[in-house]
Amino acid sequence: MPGGDAREAAKVATGAVENFPFLPELPARGPGADMIGRTLGLLVEMYARVEPSGWRFGDRPGRDTKRAWSWLGEDLDALEEFTQGYEGPVKIQAVGPWTLAAAVELRNGESALSDPGACRDIAGSLREGLTQHLADVRRRIPGADIVLQLDEPSLTAVLRGQIKSASGYRTHRAVDRQLVESALRGLIEAHDGPSIVHTCAPDVPFALLRRAGVAGVSFDAALLTERDEEPIGEGVEAGLKLFAGVVPSTDAALSDPASNVMGVRTLWRRLGLNPGLLADAVVVTPSCGLAGASPSYARKALAHCVAAARSLADNPE
């Protein structure tokens, strides 16, 4: 979300989508409030600090880690305030292990992705940290049915060997798909509720994510190609939820909500799926995070998603 006011963001996150509130991230506050910094703050016995080149692992929690802890506490306090008495789904997100490994440097300045041992340590530490984090959310919001979202925008690049080395002259070797799947499954199995994976990159590995045990996949619908249709169809028939990013995530003119989901209806017809499944199988979302939008547009975009979803439910065909 845009801005730096935790209470205002929580108010929007619980008011604009009252049936599916979420814990906002406010990266405009600086390092530690960004998606990478926040998740690094969740790790157990692993710490990182900001260097000129980006986040780098270190030996002890420094100023940047402590700032991440402080902002997370502030955001949780605000969400707790605005969810008093609430019962229902609440979305909590963290960066997944592969995007985290691609984004954070080891002490030698190279990406953690270059070291299989470091990747295992990150996944294990993240699993432990998320377990504690989700327990804290349940304590604060006793009626919450937590939906865990793992943000993995770099997942496709990791699978294809497209993450650049520190020098920028080469790329790291592609990670074996079974290792990727196993690490994600370990995190998903640690949560006793539904988990989804979000990626706003092209060529979403739908089949791999299904095998890892996700309940849903969040994606930018504008990036779908014909190649994605078969795994989407198979996934929906197997119960996979689609978090379809169809509303622009940065300031844009918003048209009739029904027009935003026209592509979803068209895809459904092309795949021969039962229109009656649409309302249950599809969640309408912005195409990606709203941090780059203006505060007023972010509120409008979330309300627009609700209206578009209602249109989809009322007129699936």
K.L.:
Would a distance-only check, ignoring hydrogens and angles, find a side-chain to backbone donor-acceptor pair under 3.5 Å from Thr83 to Leu79?
P.N.:
yes
K.L.:
Between Cys200 and Pro153, which heavy-atom pair has the shortest distance, and what is it?
P.N.:
SG-CB, 4.2 Å
K.L.:
For Pro31 and Trp71, work out which heavy atoms get closest and say how close.
P.N.:
O-CZ3, 3.3 Å
K.L.:
Tell me whether the count of non-hydrogen atoms from other residues, nucleotides or ligands lying under 6.0 Å of CZ in Arg7 goes above 12.
P.N.:
no
K.L.:
Which residues satisfy the side chain to side chain donor-acceptor pair (under 3.5 Å) test with Asp192, sequence neighbours excluded?
P.N.:
Arg138
K.L.:
Give a yes or no on whether the backbone of Trp98 and the side-chain of Glu152 come within a donor-acceptor separation of less than 3.5 Å.
P.N.:
yes
K.L.:
Is a salt bridge present between Asp280 and Lys241, judged by a nitrogen-to-oxygen distance below 4.0 Å?
P.N.:
yes
K.L.:
Would you please test Glu181 and Arg177 for salt bridge (charged side-chain N to carboxylate O under 4.0 Å, His left out) and show each step?
P.N.:
CA-CA 6 Å; Glu181 181 183 325; Arg177 298 179 76 88; over 6 Å; no
K.L.:
Keeping Ser154 on the side-chain end and Ala157 on the backbone end, is there a donor-acceptor pair under 3.5 Å?
P.N.:
no
K.L.:
Can you see which heavy atom on Val236 is nearest to which on Ala281, and at what distance?
P.N.:
CG1-CB, 4.3 Å
K.L.:
How about Arg227: does its CZ atom have over 12 heavy atoms from other parts shown lying under 6.0 Å from it?
P.N.:
no
K.L.:
For atom CD of Gln178, decide whether the heavy atoms of other residues, nucleotides or ligands shown that lie under 6.0 angstrom number more than 12.
P.N.:
no
K.L.:
Check this for me: Glu230, atom CD, are more than 12 non-hydrogen atoms of other residues, nucleotides or ligands nearer than 6.0 Å?
P.N.:
no
K.L.:
Are more than 12 heavy atoms from other residues, nucleotides or ligands located less than 6.0 Å from atom CZ of Arg120?
P.N.:
no
K.L.:
I need the minimum non-hydrogen distance between Ala144 and Val90, along with the two atoms involved.
P.N.:
CB-CG2, 3.7 Å
K.L.:
Looking at Arg211 and Arg185, what are the two nearest heavy atoms and their distance?
P.N.:
O-NH2, 3.5 Å
K.L.:
Got a list of side-chain donor-acceptor pairs under 3.5 Å for residues 9-24, not counting sequence neighbours?
P.N.:
from	atom 1	to	atom 2	distance (Å)
Thr14	OG1	Ala10	O	2.8
Thr14	OG1	Lys11	O	3.3

K.L.:
What's the separation between atom CG in Asp228 and atom CZ in Phe219, rounded to the nearest 0.5 Å?
P.N.:
8.5 Å
K.L.:
Verify, without hydrogens or angle tests, whether Thr99 (side chain) and Gly96 (backbone) share a donor-acceptor contact under 3.5 angstrom.
P.N.:
no
K.L.:
Between Leu278, Asn315, Leu312, which is the residue that forms a side chain to side chain contact (heavy atoms under 4.5 Å, CB included) with Val261?
P.N.:
Leu312
K.L.:
Using atom types as modelled and distance alone, determine if a side-chain donor or acceptor of Thr156 lies under 3.5 Å from a backbone N or O of Asp203.
P.N.:
yes
K.L.:
Are Trp268 and Arg265 packed together at the side-chain level, in the sense that at least one heavy-atom pair is separated by less than 4.5 angstrom?
P.N.:
no
K.L.:
Less than 4.5 Å apart, any side-chain heavy atom of Leu155 and any of Pro205?
P.N.:
yes
K.L.:
May I ask you to check whether over 12 heavy atoms, not counting those of Arg269, lie within 6.0 Å of atom CZ?
P.N.:
yes
K.L.:
Would you indicate whether the side-chain heavy atoms of Asn260 and Val284 approach each other to under 4.5 Å?
P.N.:
no
K.L.:
Could you go through Arg38 and Asp151, starting from their C-alpha distance and side-chain angles, then the distance that decides it, and tell me whether this counts as salt bridge (charged side-chain N to carboxylate O under 4.0 Å, His left out)?
P.N.:
CA-CA 12 Å; Arg38 163 160 289 185; Asp151 290 322; over 6 Å; no
K.L.:
Show the atom names and distances, to 0.1 Å, of all donor-acceptor pairs under 3.5 Å that link a side chain in residues 42-53 to residues at least two apart or in another chain.
P.N.:
from	atom 1	to	atom 2	distance (Å)
Arg49	NE	Glu51	OE2	2.6
Arg49	NH2	Glu51	OE2	3.3
Ser53	OG	Glu105	OE1	3.0
Ser53	OG	Glu105	OE2	2.8

K.L.:
Do His172 and Glu110 have side chains that get closer than 4.5 Å, going by heavy atoms?
P.N.:
yes
